[in-house]
Visitor: 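A single structure is presented below for examination.
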Amino acid sequence: MPNWIAACSLGEIAPEDVMRFDHGGRSFAIYRSPDDEYYATDGLCTHERVHLADGLVMDHVIECPKHNGRFDYRTGEAKGAPACVNLKVHAVKIEAGKVMIDVG
Amino acid sequence: MDNAPPAPHDYSLTGPSSRYALEHGLANAEWYRAPIPRARMKELMKRSDGPAIRDTIIWIAAFLVTGGLAFHFWPTAWSIPFFLAYGVLYGSSSDSRWHECGHGTAFRTAWMNDVVYNIACFMIMREPTVWRWSHARHHTDTIIVGRDPEVAVMRPTVVLRVILMFLGVPQVWGAIKSMVRHAMGRLSPDEADYIPEMERAKVYRTARIWLAIHLAIIAVSIYAGTILPMLFVGPLPTMYGAWLHIVTGLTQHAGLPENVLDHRLNCRTVYMNPVMRFLYWNMNYHIEHHMFPMVPYHRLPELHEAMKPYCPPPYPSTFAAYAEIIPAIIRQIREPGWSIARPIPREYPAQAVPAE
Ligand code: FES
């Protein structure tokens, strides 16, 4: 059962960037890709509990600020040590100028 | 100055100091971060291939020139200065290449980082998977006793060990023991603490390949009846060229406090000349690197400018750093709990260690 929540407004995130969004005691990372698509993942790195929103978006990869572990934020795929466990991804839709993510 | 671990100092990752760190909030802790605006950080973190490609071309050319001349003049004494220069490239500049490419920040293109990482690892005899994980731990728990596997000068200081480090002796001896252990499919208890299960097969495979290469070099030398191949590749150049990376490397943390949660207290930023900075890939900006490891080496001077208001004054030279380090590590022979206190700007106080 999806549970859609408005995370931010369209345009609030710069292209090829990421924003932190906290909801219900959980943290999420919302991405805007260079081709202007929006994506969402869990907000904390799977290696250690570090907020990915402090990291760097390059193309479709988020690099963790702590040890530079990399994930494909479209699929959550971990791209190599020390990021070895995939990230959970969340569905995204745009509605009335808002970026909605499924936190269910 | 230290939140000193229980005496005696125990640097193993599975002993009482490790338990102390875990119980006292020193492991996986929140560290101080200078409040640099996100927009500026984004600029500084930006990757490009250009600077590292340029530097790598110069690096390879320097290897060819020094190695070629050493070979040309062999076996006369004229080959010695060229071997010394080649050794510094092989046994010292590989330290920074290993380091920067391990972080994945030197090049924008991932495979370029991986290629240079693996070559530099072989030169400095740091097994790629093992050191990737040990270095991740070093960044999580920098100079936390019982957690950080990369403490260069342990306390109380063993002066002979420090001297031998300049000749690469403890490093290479440790590297050979590790390589053989891994080739036999075993990890030490410390390694098992920071290398996850899923990565271990890779450790054993690489160690076997490396061991085969080292044995092949020895075999070629014996077959050809000359030590020459061993002077170019393997433990010998790692050792005779080690001194410079110890000169630069000891400035990073030696003499500074253990068990603190603020890189301004346990790292040094030291101004160095452009040649040293080329060989060391700007790791003299060490507070900056530890606080923001995502910033590539070629942007560290700019990060340094941005962080200046929040940091202690940088050391004006390597000599100035050593004027502090040498007396400090000598004092730590008898007073292992003592360390140098760095002046933190009053407006940006040091990150507190959690109360007991
Ligand atoms: S915390 Fe993200 S890679 Fe280590």
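Since we're looking at a predicted model, the values are computed, not measured. Letters A, B, ... mirror the listed sequences (proteins, then strands); counts begin at 1.
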Visitor: Of all the heavy-atom pairs spanning A:Pro65 and B:Pro293, show the shortest one and how long it is.
Guide: O-CG, 3.6 Å

Visitor: Answer with side chain, backbone, both or neither: which region of B:Met198 has an atom nearer than 4.5 Å to a non-hydrogen atom of chain A?
Guide: side chain

Visitor: Under 3.5 Å, which donor-acceptor pairs link chain B and chain A? Put them in a table for me, please.
Guide:
{"unit_1": "B:Arg38", "atom_1": "NH1", "unit_2": "A:Ala53", "atom_2": "O", "d": "3.4"}
{"unit_1": "B:Arg38", "atom_1": "NH1", "unit_2": "A:Asp54", "atom_2": "O", "d": "3.4"}
{"unit_1": "B:Arg38", "atom_1": "NH1", "unit_2": "A:Gly55", "atom_2": "O", "d": "3.0"}
{"unit_1": "B:Arg38", "atom_1": "NH2", "unit_2": "A:Asp17", "atom_2": "OD1", "d": "2.7"}
{"unit_1": "B:Arg38", "atom_1": "NH2", "unit_2": "A:Gly55", "atom_2": "O", "d": "2.9"}
{"unit_1": "B:Lys42", "atom_1": "NZ", "unit_2": "A:Asp17", "atom_2": "OD2", "d": "3.2"}
{"unit_1": "B:Arg47", "atom_1": "NH1", "unit_2": "A:Glu63", "atom_2": "OE1", "d": "2.9"}
{"unit_1": "B:Arg47", "atom_1": "NH1", "unit_2": "A:Glu63", "atom_2": "OE2", "d": "3.1"}
{"unit_1": "B:Arg47", "atom_1": "NH2", "unit_2": "A:Glu63", "atom_2": "OE2", "d": "2.8"}
{"unit_1": "B:His103", "atom_1": "O", "unit_2": "A:Asn68", "atom_2": "ND2", "d": "3.3"}
{"unit_1": "B:His103", "atom_1": "ND1", "unit_2": "A:Asn68", "atom_2": "OD1", "d": "3.3"}
{"unit_1": "B:Gly104", "atom_1": "O", "unit_2": "A:Arg70", "atom_2": "NH2", "d": "3.0"}
{"unit_1": "B:Arg108", "atom_1": "NH2", "unit_2": "A:Asp59", "atom_2": "OD1", "d": "3.4"}
{"unit_1": "B:Arg108", "atom_1": "NH2", "unit_2": "A:Asp59", "atom_2": "OD2", "d": "3.2"}
{"unit_1": "B:Ala136", "atom_1": "O", "unit_2": "A:His67", "atom_2": "NE2", "d": "2.9"}
{"unit_1": "B:Thr140", "atom_1": "OG1", "unit_2": "A:Glu48", "atom_2": "OE1", "d": "2.9"}
{"unit_1": "B:Thr140", "atom_1": "OG1", "unit_2": "A:Glu48", "atom_2": "OE2", "d": "3.1"}
{"unit_1": "B:Thr140", "atom_1": "OG1", "unit_2": "A:His67", "atom_2": "NE2", "d": "2.7"}

